[in-house]
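Have a look at the structure below before the remarks.
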Number of protein chains: 2
Amino acid sequence: MTASVSAPSKVELLELLSSVGGAVCQDFAAAASPHGLTHMQVRVLTHVHRDPASMRGIAEALACDASNITGIVDRLEAAGHVRREVSPTDRRVKNVIATDAGRAVLRAIRGTMQAHVAVDTLSAEERALLHGLLERMRPALSGAAAKS
Amino acid sequence: MTASVSAPSKVELLELLSSVGGAVCQDFAAAASPHGLTHMQVRVLTHVHRDPASMRGIAEALACDASNITGIVDRLEAAGHVRREVSPTDRRVKNVIATDAGRAVLRAIRGTMQAHVAVDTLSAEERALLHGLLERMRPALSGAAAKS
DNA sequence: TATTGTTATACTCTATAACTATA
DNA sequence: TATAGTTATAGAGTATAACAATA
């Protein structure tokens with residue numbers, strides 16, 4: 001007997017991972033939409049909701065070019081969810097900081113996702129297992145710079 | 001002892017899944033870029049590389065609006081990777097069919113991904129396990145219509 | 001010189017709405 | 001009427017290159 005599943009190829013696993021990941025992104029977007037946020041804006045807000053981060057730091061965490069972050073933070077700032085603050089130690093650097101309003105919105109979005117039916121498909125043990133497997137793969141992916 | 005991992009929350013699992021899935025998408029895009037294709041074009045080509053599919057069918061499989069598929073297939077067709085064919089049974093329907101050139105390009109891209117170091121992070125058993133867990137979650141996600 | 005952030009540009013993806021041609 | 005596909009539109013994300021301010 002060849003295990004429970006019919007031995008999918010490595011590429012098929014990557015295709016499935018990209019497909020499922022994309023679907024989760026869409027669900028994040030759907031949860032954020034009522035609050036006027038996009039998925040990328042949620043990711044940036046998530047990255048700075050606890051500790052401030054520089055524009056460059058955000059770009060590395062999200063594995064995209066720094067020039068993209070300007071527009072995303074522009075829109076978050078216009079909505080009052082974050083603010084920019086020039087670093088006291090290096091005046092070239094701008095730190096992005098979540099506002100109380102931004103944290104409240106993020107809390108609401110994460111609350112919606114917390115209730116997502118997909119996560120209840122798996123038991124707590126399976127979720128921990130899945131989490132561990134994904135964590136092990138991540139450093140070898142393009143978003144390797146992403147720390148959180 | 002609380003298992004091997006410090007019990008991540010449901011939301012954290014979804015965030016990780018979306019992050020890892022996004023990174024895999026980027027790696028697909030990087031593998032496709034030398035051939036002049038984008039990640040979405042690869043997904044469409046993958047969907048029709050064996051059997052033809054209608055525009056509507058592709059849209060449902062990729063969980064996006066049908067109007068998007070027009071442009072994506074336009075570009076694939078201009079590059080000679082697919083062709084459109086009016087259905088013999090319903091003249092409203094157009095079936096998208098991969099060309100030999102399209103299949104060759106897809107084979108090359110999948111070959112690049114097959115050698116991706118990230119999949120070697122896990123053993124064959126772990127890959128099968130991961131595949132099974134993802135398959136179980138997928139029906140409960142927004143891309144639930146996606147069959148492959 | 002090197003780095004941070006921004007701007008300008010061009011392209012792809014995205015959803016919505018309106019249109020056509022078929023059924 | 002309803003459906004398949006397209007077009008038009010507007011917005012968001014993406015990378016590249018060039019730029020100003022600062023180190």
Side-chain angles (χ1 to χ4, degrees), chain A residues 18 22-23 25-30 32-45 48 52-79 82-96 142-143, chain B residues 18-19 22-23 25-30 32-45 48 52-79 81-96 142-143:
Chain A
S18 113
C25 288
Q26 283 180 292
D27 290 342
F28 264 106
S33 180
H35 303 277
L37 297 191
T38 65
H39 174 234
M40 284 307 294
Q41 288 169 10
V42 172
R43 287 188 68 187
V44 169
L45 192 51
V48 303
S54 68
M55 300 294 284
R56 218 84 191 178
I58 296 170
E60 283 169 13
L62 273 60
C64 69
D65 193 85
S67 63
N68 302 326
I69 306 302
T70 298
I72 296 173
V73 170
D74 279 351
R75 288 180 273 274
L76 278 173
E77 193 170 34
V82 303
R83 64 175 199 277
R84 274 183 250 232
E85 203 167 85
V86 174
S87 166
T89 61
D90 186 340
R91 293 177 55 195
R92 291 174 304 179
V93 174
K94 287 179 186 170
N95 287 315
V96 179
S142 79
Chain B
S18 115
S19 172
C25 289
Q26 284 181 292
D27 290 342
F28 263 106
S33 180
H35 303 277
L37 298 191
T38 65
H39 173 235
M40 284 306 293
Q41 288 168 11
V42 173
R43 287 189 69 189
V44 169
L45 191 51
V48 304
S54 68
M55 301 293 285
R56 218 85 192 176
I58 297 171
E60 283 169 14
L62 272 60
C64 68
D65 192 87
S67 64
N68 303 326
I69 306 301
T70 298
I72 297 174
V73 169
D74 279 352
R75 289 180 273 274
L76 278 174
E77 194 170 32
H81 297 318
V82 303
R83 65 174 197 279
R84 275 182 248 232
E85 204 168 82
V86 174
S87 166
T89 61
D90 187 337
R91 295 178 55 196
R92 291 173 305 179
V93 174
K94 287 178 188 169
N95 287 315
V96 180
S142 79

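Proteins get letters first, then strands, A, B, ... in listed order; numbering begins at 1 in each. Computed from a predicted model, the values in this text were never measured in an experiment.
Remark: C1' of dT12(C) and CG of Leu45(B) are 17 Å apart, rounded to the nearest angstrom. Straight-line distance from the CG atom of Leu62(A) to the P atom of dG5(C): 14 Å, rounded to whole Å. Rounding to whole angstrom units, CD of residue Gln26(A) and C1' of dA15(C) are separated by 12 Å. Atom C1' of nucleotide dT14(C) and atom CD1 of Ile58(B) are separated by 17 Å, given to the nearest angstrom. Remark: P of dA12(D) and CG of Leu37(A) are 11 Å apart, rounded to the nearest angstrom.
Taking every heavy atom of both residues into account, Ala29(A) and His39(A) meet most closely at CB-CB, 4.2 Å.
Side-chain atoms of Val48(B) and Asn95(B), non-hydrogen and from C-beta on, never get closer than 4.5 Å to each other. Put simply, the side chain of Met40(A) does not reach to within 4.5 Å of the side chain of Asn68(A), judged on heavy atoms.
One can find a donor-acceptor pair under 3.5 Å joining the base of dT16(C) and the side-chain atoms of Ser67(B).
As judged by a 4.0 angstrom heavy-atom cut-off over every strand, Ile69(B) is placed among residues making no nucleic acid contact. At the heavy-atom level, Ser54(A) lies under 4.0 Å from the strands shown only through sugar-phosphate atoms. Across all strands shown, Arg91(A) has heavy atoms under 4.0 Å from sugar-phosphate atoms exclusively, and none from any base. Across all strands, Asp65(A) comes closer than 4.0 Å to base atoms (heavy-atom distances).
OP1 or OP2 of dG5(D) has not a single side-chain nitrogen or oxygen of Arg92(B) nearer than 4.0 Å. Look at Arg84(B) and you'll find a side-chain N or O under 4.0 angstrom from OP1 or OP2 of dT6(D).
Relative to the side chain of Asn68(A), the nucleotides dT16(D), dT6(C), dT14(D) differ in distance, and dT14(D) lies closest. In the set dC13(C), dT22(C), dT6(C), the nucleotide with an atom closest to the side chain of Met40(B) is dC13(C). Across dT6(C), dA23(C), dC13(C), the shortest atom-to-atom separation from the side chain of Thr38(B) is found for dC13(C).
Every side chain to side chain contact (heavy atoms under 4.5 Å, CB included) that Ala59(A) has, sequence neighbours left out, goes to Ala66(A), Ile69(A).
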